[in-house]
Amino acid sequence: TPLSLIRNFSIIAHIDHGKSTLADRLIQACGALTQREMTNQVLDNMDLERERGITIKAQTVRLTYPAKDGKTYILNLMDTPGHVDFAYEVSRSLAACEGSLLVVDASQGVEAQTLANVYQAIDANHEIVPVLNKVDLPAADCERVKAQIEEVVGIDAEDAVEVSAKTGLNIEAVLEALVTRLPPPKGDAEAPLKALLVDSWYDPYLGVITLVRVKEGRLKKGMRIRMMSTGVVHNVDQVGVFAPRLTPMDELGPGEIGYINAAIKTVADCNVGDTLTDDRRPADMPLAGFKPSVPVVWCGLYPIVADDFEKLRDSLAKLRLNDASFHYEAETSAALGFGFRCGFLGLLHLEIIQERLSREFNLDLIATAPSVVYRLWRTNGAMEELHNPADMPDGSLIERIEEPWIKATIMVPDEYLGAVLTLCTERRGIQQDLTYVGNRAMAVYRLPLNEVVFDFYDRLKSVSRGYASFDYQMDTYEESELVRISILVNQEPVDALSFIAHRSAAETRGRAICAKLKELIPRQLFKIAIQASIGSRIIARETLGAMSKDVTAKCYGGDISRKRKLLDKQKEGKKRMRQFGKVEIPQSAFLAALKMD
Ligand code: GTP
């Protein structure tokens, strides 16, 4: 395909503004799938994505569009996730494209991630076509939103395409805008091969599949390719495109987006952001690649059944291949045995990985309390990064601890501003700026990340009835008065539940966790104390009373099947418990205990 007939684009938007729905419409309009094949939201093909209605992995589709100028164009669409935790996926999709559709909900207007994503697109030198979606809604106000885009985002919105992805209104105009307003890709087909490794994942039938964007040269079936960062060489077994199903081709030329399958066995060989080149005629310089992602939240993941450890190791390796922003390393815990310390981009990312491990890999896991990365300076002058509360040394060895701060942008309708400001203040936030965009306030705050990771996003949604939007960037590290709070159940410390907090919040949080655990731990045959301590000082205590022995006692009468069911249920429950000294703690208690409400 000549370059002039190719357009590569991403769709960027705030969460729920209709990106995936629009993508489905574009696919449909180009006839890539028959009506029957169009299940709800083709691109959100992970079960988890369908259920939660959010996009996690960026997806790719190649479309064929006969335009009004009489020529037939190849349109490569890359869907991107909107949630703040998945910004890294966004940056990768953007690097593979020349332009973006900026989707804004015409009834909502510009939100925090609209801004964050559009700035990333501008950084990637994208041509941007604004699309106002949901114009079928009575609350849609295109003129206001256009003015907002111009004022806040700073791009021309006069020619924004007004659509309804739901009814299909004006979808053709979006396709025309792609063809006429986005630039074609550039690249020399005769130059040595340079292809950007955008993503890779594990397919149970084909093995490792690698998503690539060819920048220069040709990528052919049967070719020997070299990964420029590692020097590893592979034979290309298959080259193809996503149409949207995997469709083999003979070769991919410059400007094209597709996949290769190269019998790559070791997942470690596929570094996202790497450059692929021809082994016989290599390029001299690799492409710019991506900024490496830095995990900001860590927690331990442990198999409930110790025998699952190897399976967990294997599953993590496969997930990592699919998700370059996820990190892990082996660790052991006194309470939980062998497991892994895992790093995530945020709490939603953590939850998603945990759920994928449970659903796709059938693993029962315990997650320890999430922690941010602290900088700990020892009295001997050494600095270390600390993300496991269990590793915090004795207070006498610590000179100072620094914690990460973020710069957060929150957009919220005026009537909820008060509640949002109160929340930020409660979380030690410092206001940097407060401006208005129409009747929406835009507050910029500096906040300690520690105060944000656990439940800030949930709280923000609840105090604003779902209207506030939030985005953040890492800012600086600052010295802080931080302490480790240990949780003791029946006098035994549960290392997996210890956490680090600001001294001013230690007591409240310790008390809340003890109270929560009292609810979550089933009564045992004896009385147990649940305590929180800083060093040897107890700061909170709850007592859980003893229970009577026979759970079936309350089923008097002779319904034996009901009794059996109850006993089975109890057995099932046991599997999900973890023994601490004489006390069993259910798995759900671990994450729930740290999700304060
Ligand atoms: P993420 O994938 O989670 O980032 O969200 P998204 O931006 O892809 O949003 P999605 O396409 O899932 O749409 C969000 C909601 O808006 C869904 O309930 C859609 O049915 C609805 N929606 C999308 N487009 C329109 C539209 O044009 N009109 C109306 N009324 N609703 C729409």
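Atoms within a ligand are numbered from 1 in the order they appear, just like the ligands themselves. Keep in mind that what you see is a predicted model, and the values were worked out from it rather than measured.
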Of the choices N133, D136, V135, which has the non-hydrogen atom that lies closest to atom 24 (N) of ligand 1?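 It is N133 whose heavy atom sits nearest to atom 24 (N) of ligand 1.
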Measure the spacing between CD of E111 and OH of Y467 and express it to the nearest 0.5 Å. 10.5 Å
Under 4.0 Å to a heavy atom of [X] - the qualifying atoms of ligand 1, by number:
X    : answer
G18  : 6 (P), 7 (O), 9 (O), 10 (P), 11 (O), 13 (O), 23 (C)
L137 : 30 (N)
S20  : 2 (O), 6 (P), 8 (O), 11 (O)
I15  : 3 (O), 4 (O)

Please determine, by modelled atom types, if D105 and N133 share a side-chain donor-acceptor pair under 3.5 angstrom. no
Pair Y445, D433: side-chain N/O donor-acceptor within cut-off below 3.5 Å: no
Proximity of T21 to ligand 1 by residue part, where a heavy atom lies under 4.0 Å: both
Quick one: does ligand 1 sit under 4.0 Å from the side chain of K19, the backbone, both or neither, non-hydrogen atoms only?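 Contact part for K19 vs ligand 1: both backbone and side chain.
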Can you classify the ring geometry of H387 versus W298 as parallel (below 30°), tilted (30 to 60°) or perpendicular (above 60°)? parallel
N or O pair under 3.5 Å between T167 and ligand 1: no
List the atom of A140, the atom of V135, and the distance in Å for their closest heavy-atom pair. CB-CA, 3.8 Å
Carboxylate-amine/guanidinium proximity below 4.0 Å for E403 and R428: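 Salt bridge: yes.
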